Amino acid sequence: MNTFMNKYIRPAIVLTVLLTVLTGLIYPGIVTALAQLIFPYQANGSLHTVNGKVIGSDLIGQYWTSPRYFHGRPSATLSAATGSPAPYSADNSSASNLGPTSAALIQTVQQRITQLRKENPNAPTGPVPVDLVTASGSGLDPDISVAAALYQVPRIASERGLSKDAVRQLIMNHVQGRFLGIFGEPYVNVLDLNLSLDTLK
Amino acid sequence: MPVSLNSVLQVLIFLVLVLLITKPMGLYLTRVFGGNHTWLSPVFVPIERLFYRLSGINPEEEQKWTGYVIAMLVFSVAGMLLLYVIERTQQWHGPLFNPQNFGPVEERLAFNTAASFTTNTNWQNYTGEQTMSYLTQMMGLVFHQFVSAATGIVLAVALTRGLARRSAQTLGNFWVDLTRAILYILLPISIMGALVYVSQGMIQNFNPYTVVHTLDGQTQLIAQGPVASMEIIKNLGTNGGGFFNANSAHPFENPNAFTNLIIMLTILTIPAGLFYMFGKMVGNTRQGWVLWAASAVLLIIGLAVIIPAEQSGNPLLAKVGANQHLSDTQAGGNMEGKEVRFGITDSGLFATITTDTSCGCVNSFHDSYTPLGGLVPLTNIALGEIVFGGTGSGLYGMLMFAIIAVFIAGLMVGRTPEYLGKKIERKEIMMAALALLILPASILGFSAVASVVPFGVSQLTNAGPHGLSEILYAYTSANGNNGSAFAGLSGNTPFYNWTLGFAMLIGRFAFLIPILAFGGSLVKKRVVPAGLGTFPTTGPLFVGLLIGVILIVGALTYFPAYALGPIVEHLLMQAGRTF
């Protein structure tokens, strides 16, 4: 029994304590200190400030409802407090988890398409870009495809009294390409686009 | 086929990167577990010695397989209890480490989570940003992400020693191997990797959640926390348990295509390196490259199914007016549960890699994949995560298939099978078969029960065949210690917390004990020189045989269940049925 204690129990307990302190406190402590020192903007959430006020994070999608702004993707997040649908709840990320043959999924997408067409009466008819009518994985997707941005051009142009060409040009100036031209997909960050939209005259 | 040139290019470049990493990582692993001097030794040797002195460990003393297993089990129990206690005492974690003031984790959920992180599964029946304090995330979960990964690695090393050593008794010292795995491999890579991640926008702070008022007049509460330090070890150790509920789909946990690429590479770094280390230690690196090649083929087979399936999209969505065509301005495809910055290729590649290994982190939600797309991750896990596989578990799982393959080859030519010059006899085959049978028995057994009892089926989000897929996926993931989910299944109930918790413990420990017994039996054997009748295990013929055995064993075991789940759902989807 004594040898079992010395050979197994003591090393297990002492090593657990030592490794907990090393990997659970010292390691994240060192990383946090270095991160805050070298990359404070990123480490604290890439928070975007306008006139001294924080208006969001560059990386976290927001719920856009005004017709004067570009809209993002549908979001399946729920309110953490009530459990009822609350798009872009950035303290309660989640996907819809609806399967491909779910009647709820198909009906929801159909309703979104109807709503989208109502909001964008002058948009081209025909099928709408899929990312504008499907919920993202995080529920916080900050981006839309270029096609989804272009789809909204007629609405933004008429709401803001701008030419369609000017709005289209603005989108093209804000397309983020693939990493090294190879990895990922091109996209437009909705907050970035809307911020520059506000500066257009 | 609806696949773009860019898609093919991404996959090819990725595979080349994995190839380039394999040898340097393998050589480094060989040095570390050979007890050799490395460039980090000046820093870590003093810490190592201090650890051994305080723990009363004699680093020179080696253990037989039984000693190695007992040490591993006692250590796992200690860590599991510690995590349970940390979870249950969150109310005392204080404002710095628990700024959102989360209360103690409910008992059964705390048990499930403790089992989950101890077994390297990282199945999560909770929403991280609404349940766990920063202290629990760091000291409870990240600690296990280090030690469970290290445990997997050292067991693979011990098994390799069993094959490499001749007429010996011992497999190494568990405590020494474990300490070295953490100090020399996991910790240094994690510190560097975490800082790279922060530079790209992953967060790393102890702030309370931030309130923002948007241009559109909305109020948003943004979660914060020490994310980057968890993200790196989560993937390097093929753990997979994320800080946030959305895991690597969350922009703070995977901000762009560059971090996504690094995540996928870190998942495969150690498993691929271990294949090389294995070859090096048994004295013929081709023995390792054979396993690597078989893995690469199986990886590509998975990708050849999942990417076209997802890119083709969902015909039911096309019918109601969604444009899923790939074009210059959109990736198209089945975008439900996926992020725009990753599109189809990076989501499909990620889903394949995370289930080829025992990682289980996700950057898109598998439950919303098309039936055939979702079948790929499910099958990958069910085959035992041997396509590169988990940290350590990939190598030892793959070696069990290799033993079965030489056994079958031996039966065909009527000779006693040999592997690496060691005769494979009754005891070894029994242990290998036992290890490979425990997994499907547990997966199919638990799934069968859950799909008929009311508290099993009441937790499904999706009806019809997809519901069965959700249950199958849950127990496959738990037994395979993967941790990804068809997340429509609400697992935070007493029934699922208990059964999934036990499935995870069975999948880890009931699998490991026969494997180490196998190693302990082989280490004693002499090596017989290869003769004319020896089946060579270094050529393309063996790669083919190995892949054949893996697929046939897997297909025969799971095909009936899959026919009732994803396969019938695919046919019904094509016919326009919804549930």
Side-chain angles (χ1 to χ4, degrees), chain A residues 8 10-16 18 20 23-24 28 31-32 34-35 39 42-46 54-57 59-60 62-64 66 80 90-95 97 99-103 106 109-110 113 127 129-131 133-134 136-138 141-143 145-147 179 183-185 187, chain B residues 54-57 74-75 78 130 138-139 143 146 175 194 198-199 201 203-205 209 212 214 216 218 220-223 226 229 244-246 249-251 255 257-258 261 314 316 320-324 329-331 335-341 343 364-365 367 370 461-462 466 487-488 573 578:
Chain A
Y8 300 109
R10 179 179 163 201
I13 292 175
V14 179
L15 260 191
T16 298
L18 290 173
T20 301
T23 64
V31 173
T32 309
L34 289 173
F39 307 110
Q42 292 95 320
N44 292 308
S46 305
V54 181
I55 53 101
S57 161
L59 296 175
I60 301 293
Q62 303 180 356
Y63 189 36
W64 299 92
S66 158
D91 62 337
N92 203 18
S93 59
S94 97
N97 286 309
T101 55
S102 154
I106 311 302
V109 171
Q110 193 159 26
I113 291 174
V130 65
D131 58 308
V133 292
T134 47
S136 60
S138 60
D141 196 338
D143 310 316
S145 68
V146 181
F179 171 63
F183 293 98
E185 296 293 338
Y187 62 84
Chain B
L54 292 173
S55 322
I57 295 162
V74 174
F75 181 71
Q130 285 295 334
M138 297 188 314
M139 252 175 78
F143 159 76
F146 276 98
W175 312 114
V198 176
S199 78
I203 56 175
Q204 182 71 29
N205 60 57
Y209 295 1
V212 300
T214 71
D216 200 48
Q218 316 267 343
Q220 195 179 31
L221 183 62
I222 299 181
S229 56
F244 298 111
N245 188 45
H250 196 294
F258 172 61
L261 177 66
N314 182 343
L316 301 171
V320 294
N323 179 1
Q324 301 175 91
T329 54
Q330 69 165 12
M335 285 299 287
E336 182 69 27
K338 297 192 182 70
E339 301 278 299
V340 167
R341 62 193 181 282
S364 58
F365 279 74
D367 210 350
T370 60
T461 292
N462 293 283
H466 201 80
M573 180 182 80
T578 58

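Here is the naming used below: chain letters follow the sequence lines, and residue numbers restart at 1 for every chain. These numbers were taken from a predicted model, which means no experiment stands behind them.
Side-chain contact check for A/Gln62 versus B/Asp216: every heavy-atom pair is 4.5 Å or farther apart. The side-chain heavy atoms of B/Arg341 and A/Pro142, taken from C-beta on, include a pair separated by under 4.5 Å. Using a 4.5 Å heavy-atom cutoff, the side chains of B/His250 and A/Ile60 are in contact.
For the set A/Thr101, A/Leu18, A/Ile106, A/Val146, the count of heavy-atom pairs under 4.5 angstrom toward chain B peaks at A/Thr101. For the set B/His466, B/Glu336, B/Met139, the count of heavy-atom pairs under 4.5 angstrom toward chain A peaks at B/Glu336. Taking B/Ser229, B/Ala331, B/Ala249 one by one and counting their heavy-atom pairs under 4.5 Å with chain A, the maximum is reached by B/Ser229. The greatest number of non-hydrogen atom pairs below 4.5 Å with chain B, out of A/Thr20, A/Val54, A/Leu34, is found for A/Thr20. Heavy-atom pairs under 4.5 Å with chain A were tallied for B/Gly337, B/Gly488, B/Ala257; the largest tally goes to B/Gly337. With respect to chain B, the highest number of heavy-atom pairs below 4.5 Å among A/Ile13, A/Val133, A/Thr23 belongs to A/Thr23. If you tally non-hydrogen atom pairs under 4.5 Å between each of B/Gly56, B/Gly343, B/Pro255, B/Ser364 and chain A, the highest count goes to B/Gly56. For the set A/Asp131, A/Val109, A/Thr16, the entry with the most heavy-atom pairs within less than 4.5 Å of chain B is A/Thr16. Counting heavy-atom pairs closer than 4.5 Å to chain B, the top-ranked of the candidates A/Ser145, A/Gly184, A/Pro100 is A/Pro100. When each of A/Ala43, A/Ala103, A/Ser136, A/Ser46 is checked for heavy-atom pairs under 4.5 Å with chain B, A/Ala43 comes out on top.
Among all heavy-atom pairs drawn from B/Asn462 and A/Gly99, the shortest one is OD1-N, 2.8 Å. Between A/Val130 and B/Gln330, the shortest heavy-atom distance links the atoms N-OE1, 3.7 Å. Closest approach of A/Leu59 and B/Gly201 over heavy atoms only: CD1-O, 3.4 Å.
Of the two parts of B/Gln220, only the side chain, counted from C-beta on, holds a non-hydrogen atom closer than 4.5 Å to a non-hydrogen atom of chain A. The part of A/Ile113 that comes within reach of chain B is its side chain, from C-beta onward, which places non-hydrogen atoms under 4.5 angstrom from that chain. With a 4.5 angstrom heavy-atom cutoff, B/Leu261 touches chain A only via side-chain atoms. Both the backbone and the side chain of B/Phe258 have a heavy atom closer than 4.5 Å to some heavy atom of chain A. Proximity to chain A is limited to the side chain of B/Ile57, based on heavy atoms less than 4.5 angstrom apart.
In this structure, A/Arg10 contributes its side chain and B/Leu54 its backbone to a donor-acceptor pair below 3.5 Å. A donor-acceptor pair is defined here as one N or O able to donate and one able to accept, closer than 3.5 Å; no such pair exists between the side chain of A/Asn97 and the backbone of B/Asp367. Counting only distance, with no hydrogens or angles, the side chain of A/Gln42 and the backbone of B/Ser199 share a donor-acceptor pair below 3.5 Å. Between the side chain of A/Ser93 and the backbone N or O of B/Ala246 there is at least one donor-acceptor pair closer than 3.5 Å. Side chain of A/Asp141 to backbone of B/Glu339: no donor-acceptor contact under 3.5 angstrom is found. Between the side chain of A/Asp143 and the main chain of B/Val340, no donor-acceptor pair closer than 3.5 Å is present. Side chain of B/Gln130 to main chain of A/Asp91: a donor-acceptor pair is present (N/O by atom type, distance under 3.5 Å, no hydrogens or angles).
Heavy atoms of other residues, nucleotides or ligands lying less than 6.0 angstrom from OH of A/Tyr63 number 12 at most.
Each of B/Gln324, B/Met335, B/Lys338 was evaluated against A/Thr134; a single residue qualifies, B/Met335, per the side-chain contact (heavy atoms from CB on, under 4.5 Å) test.
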